[in-house]
*Asks:* 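Here it is: the structure, laid out below.
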Amino acid sequence: MSSIVISIGGSIISGEKLNLELMKKISKTLAIIDSYDKFGIVVGGGKLARTYISDLREYNINDNILDEIGINATRINALAMTTFFDNVNSKIPTNINDAAELSHNYRYVIMGGTEPGHTTDTVSVLFAERIGAEILINATSVDGVYSSDPKKDKNAVKYDKLTYDEAIELSIKNSTGAGSNVFMDLTSLTIAKRSKIKIFVINGNYMDQYKNIMYNGKCNGTVIS
Ligand code: UTP
């Protein structure tokens with residue numbers, strides 16, 4: 001039996017409203033999976049984080065504090081997520097050591113951010129590296145990695161697969177420029193590369209995608225390996 005980490009993008013669970021139905025669906029889907037027995041689930045900040053960060057930024061609040069605010073938003077979303085699971089931690093761990101420790105006791109360990117300077121992308125890859133998970137599912141609001149933001153650029157091309165180096169190059173290219181929305185941050189991809197963690201970027205709203213990865217190692221999104 002083995003472990004898997006799932007990164008739930010804030011954009012799919014925290015929009016205008018909290019998407020509690022999706023949290024419930026994910027919990028039901030994972031409950032019947034028998035190809036893995038340990039699940040690390042890392043939850044993003046979504047609208048909750050973005051609202052606080054962008055409002056406070058207008059008052060010249062320093063970035064370290066803005067990151068702390070974002071981290072707290074991810075932890076609120078993570079705590080909300082725990083309410084749909086059995087055999088799960090009831091306190092949200094604040095670092096990877098504590099999360100790894102909890103994974104000895106629970107089938108699911110749900111967490112948010114850890115410290116300033118990165119996003120939950122990096123947290124999820126570090127968690128995967130730590131517990132020896134060979135696969136990371138990055139559940140987002142788009143159906144894979146594109147050459148540019150498909151919500152803004154109609155000529156954006158979707159990739160079925162990328163090498164780590166191609167993904168790193170794309171992440172650097174897309175992170176230059178204001179308002180950029182990178183599919184995964186650079187640190188997360190660098191860590192995935194060093195530990196050969198295979199990343200599946202999928203539209204996290206579709207339960208068949210999670211199942212297909214966990215049973216067949218396939219998805220309709222983008223595989224980074
Ligand atoms: P997210 O991981 O949700 O950021 O954390 P994101 O990728 O920018 O958001 P989505 O997925 O596209 O919606 C929200 C914010 O919290 C802070 C960062 O400021 C981040 O932008 N954060 C999060 C940290 O500083 N450290 C962490 O470990 C996690």
Side-chain angles (χ1 to χ4, degrees), residues 5-19 22-23 26 40-81 92-100 109-130 136-146 148-152 167 170-172 174-192 199-205 221-222 224:
V5 172
I6 304 172
S7 173
I8 308 283
S11 55
I12 58 169
I13 50 121
S14 163
E16 285 313 316
K17 283 188 70 175
L18 257 189
N19 193 348
L22 181 62
M23 293 186 189
I26 293 172
I41 301 175
V42 181
V43 184
K47 178 118 196 286
L48 183 63
R50 273 197 305 278
T51 304
Y52 273 90
I53 290 173
S54 64
D55 287 359
L56 282 163
R57 188 163 267 143
E58 289 175 21
Y59 288 80
N60 289 329
I61 307 296
N62 87 54
D63 277 276
N64 189 278
I65 295 176
L66 295 182
D67 276 351
E68 283 293 349
I69 299 228
I71 291 168
N72 278 285
T74 65
R75 290 180 184 158
I76 289 175
N77 288 339
L79 192 57
M81 187 101 183
I92 302 304
T94 58
N95 59 64
I96 298 295
N97 282 335
D98 290 352
V109 174
I110 304 184
M111 71 185 298
T114 52
E115 68 249 349
H118 55 233
T119 71
T120 48
D121 296 337
T122 294
V123 176
S124 58
V125 181
L126 285 170
F127 196 7
E129 184 176 56
R130 179 58 177 269
L136 168 71
I137 299 178
N138 188 2
T140 71
S141 58
V142 282
D143 60 351
V145 179
Y146 283 77
S148 54
D149 186 347
K151 287 173 185 158
K152 294 179 190 152
L170 195 62
S171 177
I172 294 170
N174 289 355
S175 65
T176 53
S180 60
N181 188 11
V182 191
F183 63 98
M184 282 186 81
D185 69 35
L186 190 57
T187 318
S188 66
L189 293 167
T190 310
I191 295 161
I199 303 170
F200 292 83
V201 183
I202 56 162
N203 184 326
N205 290 294
T222 303
I224 304 171

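Whatever order the structure lists ligands and atoms in, that order sets their numbers, starting from 1.
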*Asks:* Using a 4.0 Å heavy-atom threshold (strictly under), name the region of E115 that reaches ligand 1: side chain, backbone, both or neither.
*Replies:*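 E115 to ligand 1: backbone contact only, side chain stays beyond 4.0 Å.
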*Asks:* Within ligand 1, which atoms have a heavy atom of T114 less than 4.0 Å away?
*Replies:*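 Under 4.0 Å from T114, ligand 1 has these atoms: 27 (C), 28 (O).
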*Asks:* Looking only at non-hydrogen atoms, find the nearest pair between V142 and P150 and report the distance.
*Replies:*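 That closest heavy-atom pairing would be CG1-CG, 3.9 Å.
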*Asks:* Please check if any side-chain donor atom of S141 sits under 3.5 Å from a side-chain acceptor atom of K151, or the reverse.
*Replies:*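 Indeed, the side chains of S141 and K151 share at least one donor-acceptor pair under 3.5 Å.
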*Asks:* Just distances here: any N/O of G45 and N/O of ligand 1 closer than 3.5 Å?
*Replies:*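 For ligand 1, there is an N or O atom that lies under 3.5 Å from one belonging to G45.
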*Asks:* What are the two closest heavy atoms between Y146 and L170, and how far apart are they?
*Replies:*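 Closest approach of Y146 to L170, heavy atoms only: O-CD2, 3.7 Å.
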*Asks:* Below a 4.0 angstrom heavy-atom separation, can you tell me which part of V123, side chain or backbone, both or neither, approaches ligand 1?
*Replies:*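 Near ligand 1, V123 shows its side chain, while the N, CA, C and O stay back.
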*Asks:* Heavy-atom contacts with G113 under 4.0 Å: which atoms of ligand 1 show up? List them by number with element.
*Replies:*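 Heavy-atom distances to G113 below 4.0 Å select 27 (C), 28 (O), 29 (C).
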*Asks:* Among N138, D67, I8, which residue places a heavy atom closest to atom 19 (O) of ligand 1?
*Replies:*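 Ranked by closest heavy atom to atom 19 (O) of ligand 1, first place is D67.
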*Asks:* Once rounded to the nearest 0.5 Å, what's the spacing between atom CG of N174 and atom CE of M184?
*Replies:*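 CE of M184 is found 14.0 Å from CG of N174.
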*Asks:* For atom 20 (C) of ligand 1, which candidate among V43, T119, N95 provides the closest heavy atom?
*Replies:*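 The residue whose heavy atom sits nearest atom 20 (C) of ligand 1 is T119.
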*Asks:* State whether the shortest distance between N or O atoms of T120 and N or O atoms of ligand 1 falls below 3.5 angstrom.
*Replies:*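 Yes, at least one N or O pair falls under 3.5 Å.
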*Asks:* From the options T120, T74, I13, select the one residue that forms a side chain to side chain contact (heavy atoms under 4.5 Å, CB included) with V43.
*Replies:*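 Filter result, single survivor: I13.
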*Asks:* Kindly identify the option in E68, M111, R50, H118 whose heavy atom sits closest to atom 13 (O) of ligand 1.
*Replies:*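 Answer by nearest heavy atom: R50.
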*Asks:* What I want to check is whether the side chains of N205 and N203 have a donor and an acceptor closer together than 3.5 Å.
*Replies:*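 A donor-acceptor contact under 3.5 Å links the two side chains.
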*Asks:* Do you know the tightest heavy-atom contact between V42 and V5?
*Replies:*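 In terms of heavy atoms, the two residues are closest at CG2-CG1, 4.4 Å.
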*Asks:* How about D185 and T119: does a side-chain donor come under 3.5 Å of a side-chain acceptor?
*Replies:*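 Yes, a side-chain donor-acceptor pair sits under 3.5 Å.
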*Asks:* Just jot down the ligand 1 atoms closer than 4.0 angstrom to any heavy atom of G117, in number order.
*Replies:*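 Result: 25 (O).
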*Asks:* State whether the shortest distance between N or O atoms of T74 and N or O atoms of ligand 1 falls below 3.5 angstrom.
*Replies:*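 No, no N or O pair falls under 3.5 Å.
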*Asks:* With heavy-atom distances below 4.0 Å as the criterion, list the atoms of ligand 1 near G44.
*Replies:*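 The list of qualifying atoms is 3 (O).
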